[in-house]
There are 2 protein chains.
Amino acid sequence: MPNTSLDREVERRLSERAIRYTRGRHAVVAALAAADGPLSAAELHETVEGSLPLSSIYRSLTVLEEVGVLAQHNSAKGLTRFELAEWLKGHHHHLICVECGSVEDVLVAAQHESQVDRIVDEISRAASFTPANHALEIEGRCSRCS
Amino acid sequence: MPNTSLDREVERRLSERAIRYTRGRHAVVAALAAADGPLSAAELHETVEGSLPLSSIYRSLTVLEEVGVLAQHNSAKGLTRFELAEWLKGHHHHLICVECGSVEDVLVAAQHESQVDRIVDEISRAASFTPANHALEIEGRCSRCS
DNA sequence: TTACTAATGAGAACAGTTCTCATTATGAAG
DNA sequence: CTTCATAATGAGAACTGTTCTCATTAGTAA
């Protein structure tokens with residue numbers, strides 16, 4: 001099992017809670033680290049080499065999400081996709097293709113992000129809402145589909 | 001069947017495509033117009049008076065969404081919710097409670113919205129993406145759950 | 001090792017959604 | 001006002017993504 005800096009961070013996070021960083025969980029993390037957008041359980045099932053069973057993938061996703069290593073993303077048609085949490089991969093937003101359904105990550109320039117933060121804070125305050133995080137989802141057509 | 005200005009707009013949109021504005025479809029539109037956030041098929045099933053069967057609700061949602069009267073919103077746990085499209089209810093964003101899962105609409109001040117538009121355009125251009133619309137989703141705790 | 005518990009694999013069970021088909025309602029034509 | 005053609009509905013079966021169960025395997029501490 002490889003031992004990148006990502007692996008070390010994930011392992012630390014897991015071991016704090018006495019949860020093991022097993023081969024299956026590592027495979028999921030590695031696949032998501034290599035992807036350029038969130039993946040569903042089924043997509044991981046195809047991507048991961050050595051083919052984990054689906055039930056294990058679901059379990060790994062659940063565990064890794066509870067621990068804060070992964071973040072959920074709810075796509076169209078009731079599909080739940082996962083990606084590395086932002087503390088591992090950096091803050092980003094999503095470009096969602098209405099044609100093919102793909103989701104692509106995009107980084108955001110710092111000065112833009114601070115504007116978004118300010119807007120989020122003002123909206124939340126006005127609604128007595130306590131914001132934890134936010135996502136700017138842009139729908140349209142990706143370069144392949146347009 | 002009532003005949004509000006909303007109904008007239010919806011009916012026009014449907015009749016352009018030779019689709020009828022039936023009692024069931026009207027009930028769905030009315031329930032969504034009265035709600036203050038997107039609703040799932042099951043939630044509509046409870047809300048609508050006269051209890052439409054679920055299969056009809058799903059069909060109405062599909063039709064109304066294809067025609068552009070409704071917009072989808074993908075919530076956690078594979079739940080798809082619907083609300084009136086923005087041309088009918090105005091541009092808004094969502095406050096999503098991570099505790100109870102509720103979704104609340106919020107209007108956005110014009111000067112904020114133009115900032116968001118500019119950011120969306122710049123991100124999209126950089127990625128050769130053709131934006132159609134966007135959503136700023138704010139996750140956190142609603143006033144009831146915090 | 002030994003013993004205890006976490007994690008896995010396979011498949012059953014579940015929930016939300018879509019599909020099928022027989023029936024009913026609607027609108028157009030005569 | 002009928003008759004006809006077809007759109008829409010209701011009920012439930014079928015489908016699909018996800019979760020659960022349970023027997024087995026792997027990992028860890030003593």
Between [atom1] of [X] and [atom2] of [Y], what distance do you get to the nearest 0.5 Å?
| X | Y | atom1 | atom2 | value |
| --- | --- | --- | --- | --- |
| N74(A) | S75(B) | CG | OG | 7.0 Å |
| L44(B) | L39(B) | CG | CG | 5.0 Å |
| I119(A) | H93(B) | CD1 | NE2 | 8.0 Å |
| L84(A) | K89(A) | CG | NZ | 5.5 Å |
| R81(B) | H73(B) | CZ | NE2 | 8.0 Å |
| H134(A) | E113(A) | NE2 | CD | 4.0 Å |

If the threshold is 4.0 Å, N to carboxylate O, is there a salt bridge linking E16(A) and R12(A)?
yes
Let me check the geometry of the helix from dT1(C)-dA30(D) to dG30(C)-dC1(D). What is the bend angle between the axes at its two ends, five pairs each, to 10°?
30°
Please tell me which of A18(A) and T80(B) maps to the more 5' nucleotide of DNA chain C, matching each residue to the nucleotide holding its nearest heavy atom.
A18(A)
Would you kindly give the [atom1]-to-[atom2] distance between [X] and [N], to the nearest whole Å?
| X | N | atom1 | atom2 | value |
| --- | --- | --- | --- | --- |
| Y21(B) | dT9(D) | OH | P | 12 Å |
| H26(A) | dA26(D) | NE2 | C1' | 18 Å |
| E11(A) | dA6(C) | CD | P | 17 Å |
| L79(B) | dG17(D) | CG | C1' | 13 Å |
| H73(A) | dT18(D) | NE2 | C1' | 18 Å |
| I19(A) | dT5(C) | CD1 | P | 17 Å |

[X] and [Y]: which non-hydrogen atoms are nearest, and at how many Å?
| X | Y | value |
| --- | --- | --- |
| G24(A) | L52(A) | CA-CD1, 3.8 Å |
| I96(B) | F129(A) | O-CZ, 3.3 Å |
| P38(A) | E43(A) | O-OE1, 4.1 Å |

Given the rule in the side chain to side chain donor-acceptor pair (under 3.5 Å) test, do H112(B) and Q115(A) qualify, once you have shown the distances and angles that lead to the verdict?
CA-CA 9 Å; H112(B) 283 163; Q115(A) 285 182 4; over 6 Å; no
For atom CZ of R17(A), is the number of surrounding heavy atoms from other residues, nucleotides or ligands below 6.0 Å larger than 12?
yes
Using a cut-off of strictly less than 4.0 Å between a heavy atom of the residue and any atom of DNA chain C, enumerate the qualifying residues of residues 94-102 of chain A by number.
none
Just list the side-chain donor-acceptor pairs under 3.5 Å for residues 60-70 of chain B, sequence neighbours left out, or say none.
unit_1 : atom_1 : unit_2 : atom_2 : d
S60(B) : OG     : S56(B) : O      : 3.1
T62(B) : OG1    : Y58(B) : O      : 2.9

Donor-acceptor check, side chain of [X] to backbone of [Y], threshold 3.5 angstrom: yes or no?
| X | Y | result |
| --- | --- | --- |
| T4(A) | D7(A) | yes |
| H92(A) | D105(A) | no |
| R25(B) | R20(B) | yes |

Stretch residues 36-46 of chain B: residues that reach within less than 4.0 Å of DNA chain D through a heavy atom:
none
Does anything in residues 52-67 of chain B come within less than 4.0 Å of DNA chain D? Heavy atoms only, and list the residues if so.
L52(B), P53(B), S55(B), S56(B), R59(B)
What nitrogen or oxygen pairs link the protein and nucleotides 24-30 of chain C at under 3.5 Å?
unit_1  : atom_1 : unit_2 : atom_2 : d
dT26(C) : O2     : R20(B) : NH2    : 3.4

